[in-house]
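All values below were derived from every heavy atom in this structure, side-chain atoms included, with hydrogens, water molecules and symmetry-related copies excluded. Everything numeric here is computed off the predicted structure, so don't read it as measured data.
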Amino acid sequence: MAAAFAMKGTAASDTMKITAIDLGSANTGEAAMISCAGGSILIDSGDVGTRALFTWLDRNGYKDKKFDVYVSHWHDDHYGNTAEIIRNYKVGKVYVPTLKYMKQVKNDYYKTRLKASEEVISEAKKKGCRIVYLKKGLTFKVGTIKAKVLYCNGSPRKESWYAVQHINNESAVTMFTGGGVRYLTAGDIQ
């Protein structure tokens, strides 16, 4: 079951609704939809094959409604369904971390995630989506909501044992502001 709450400001057009989407079971990742007058943005897409997200999108009218997609970091439980969403829904902009650090570490763990993250970028290009690479200080708007990236992508560590934690710590930290309320999303930053 999805949790939803509207945060209201001084005018109805400033309302920011944040819905945490229940992906069905433990260890399936995360997904949330932030919506307002004039736009919506899906924050992460859960693990690949997690069908609950698609059911939620269809039941809530997103099959026919344009929305943006935001990937906090390149772990499959956060971007796993993104390529399929881009293929099958009306996605406008795709906000993603750069792939630079993924290309610098040469081990099987990173190679697997790099290939899958490149598929997300490829699908976005095929569909004509605008790709926005997240970086510290970037600001953008989704409808009446303003967003500012507070952190994204440090420098990679070479140790293979650190791969999982390192990708987590490359998570984009973004503050969404609308209706007099702030909502912070931070992926899996530790």
I'd like to know if the side chain of D68 reaches the main chain of K93, judged simply by a donor and an acceptor atom lying under 3.5 Å from each other, with no hydrogens or angles considered. yes
Could I get the full list of side chain to side chain contact (heavy atoms under 4.5 Å, CB included) partners for T82, not counting sequence neighbours? S45, V69, V71, Y79, I86, V120
Hey, what do you get for CG (L138) to NZ (K136), rounding to the nearest 0.5 Å? 13.0 Å
Looking at D44 and G46, would you say the former's side chain and the latter's main chain have a donor-acceptor pair under 3.5 Å? no
Is a side-chain N or O of S117 found less than 3.5 angstrom from the main chain of R113, in a donor-acceptor match? yes
Tell me whether the count of non-hydrogen atoms from other residues, nucleotides or ligands lying under 6.0 Å of NZ in K65 goes above 12. yes
Going from CE on M16 to OG1 on T177, what distance comes out if it is rounded to the nearest 0.5 angstrom? 6.5 Å
By side chain to side chain contact (heavy atoms under 4.5 Å, CB included), which residues pair with K141, not counting sequence neighbours? K146
Side chains of W56 and L23, heavy atoms from C-beta outward: is any pair under 4.5 Å? no
Minimum side-chain heavy-atom gap L150-V173 below 4.5 Å: yes
On the 0 to 90° scale, with breaks at 30° and 60°, tag the Y62-F67 ring pair as parallel, tilted or perpendicular. perpendicular
Rounded distance [0.5 Å steps], CD in E118 versus CG in L99: 6.0 Å
Distance, nearest 0.5 Å, that separates CG of L134 from CD of E170: 12.5 Å
Any donor-acceptor N/O pair, K135 side chain to C152 backbone, under 3.5 Å: no
For D188, salt bridge (Lys or Arg N to Asp or Glu O under 4.0 Å) partners two or more places apart: none
List for me each residue that meets side chain to side chain contact (heavy atoms under 4.5 Å, CB included) alongside K66, sequence neighbours excluded, and say none if there are none. K90
Give me the atom names and distance for the closest heavy-atom approach of S72 to G187. OG-CA, 3.5 Å
Within a 6.0 Å radius of atom NZ on K148, are there more than 12 heavy atoms belonging to other residues, nucleotides or ligands? no
Can you check whether G49's main-chain N or O pairs, donor with acceptor, with N81's side chain at less than 3.5 Å? yes
Sub-4.5 Å side-chain heavy-atom contact between V132 and F140: no
Within one Ile-Leu-Val-Met-Phe-Trp-Tyr cluster: F54 and I21, side-chain cutoff 4.5 Å: yes
Interatomic distance, L57 atom CG to D64 atom CG [nearest 0.5 angstrom]: 11.5 Å
Between E123 and K126, is a salt bridge (Lys or Arg N to Asp or Glu O under 4.0 Å) present by the stated rule, with each step listed? CA-CA 5 Å; E123 288 301 324; K126 284 182 202 173; 3.3 Å; yes
Around atom NZ of K125, are there more than 12 heavy atoms from other residues, nucleotides or ligands closer than 6.0 Å? no
Considering residues at least two apart in sequence or located in another chain, which fulfil the ring pair (Phe, Tyr, Trp, His ring centres under 6.0 Å) criterion with H78? H73
Residues C36 and G143: closest non-hydrogen pair is SG-CA, 3.8 Å
On the 0 to 90° scale, with breaks at 30° and 60°, tag the Y70-F176 ring pair as parallel, tilted or perpendicular. perpendicular
Closest heavy-atom pair, V91 versus C129, reported as atoms and distance to 0.1 Å, is O-SG, 3.4 Å
Counting only heavy atoms not in R130, do more than 12 fall under 6.0 Å of its CZ? no
Ring pair (Phe, Tyr, Trp, His ring centres under 6.0 Å) with Y133: which residues, sequence neighbours excluded? none
Would you check if I43 and Y95 make a side-chain contact, meaning some heavy-atom pair closer than 4.5 Å? no
For residues K63 and N88, determine if any side-chain heavy atom of one lies less than 4.5 Å from a side-chain heavy atom of the other. yes
Output the distance between atom CG (L53) and atom CG (D47), rounded to the nearest 0.5 Å. 11.5 Å
Pairwise side-chain contact, I34 with T185, heavy-atom cut-off 4.5 Å (strictly under): no
Check step by step if side-chain contact (heavy atoms from CB on, under 4.5 Å) holds for W74 and L114. CA-CA 8 Å; W74 294 116; L114 178 61; over 6 Å; no
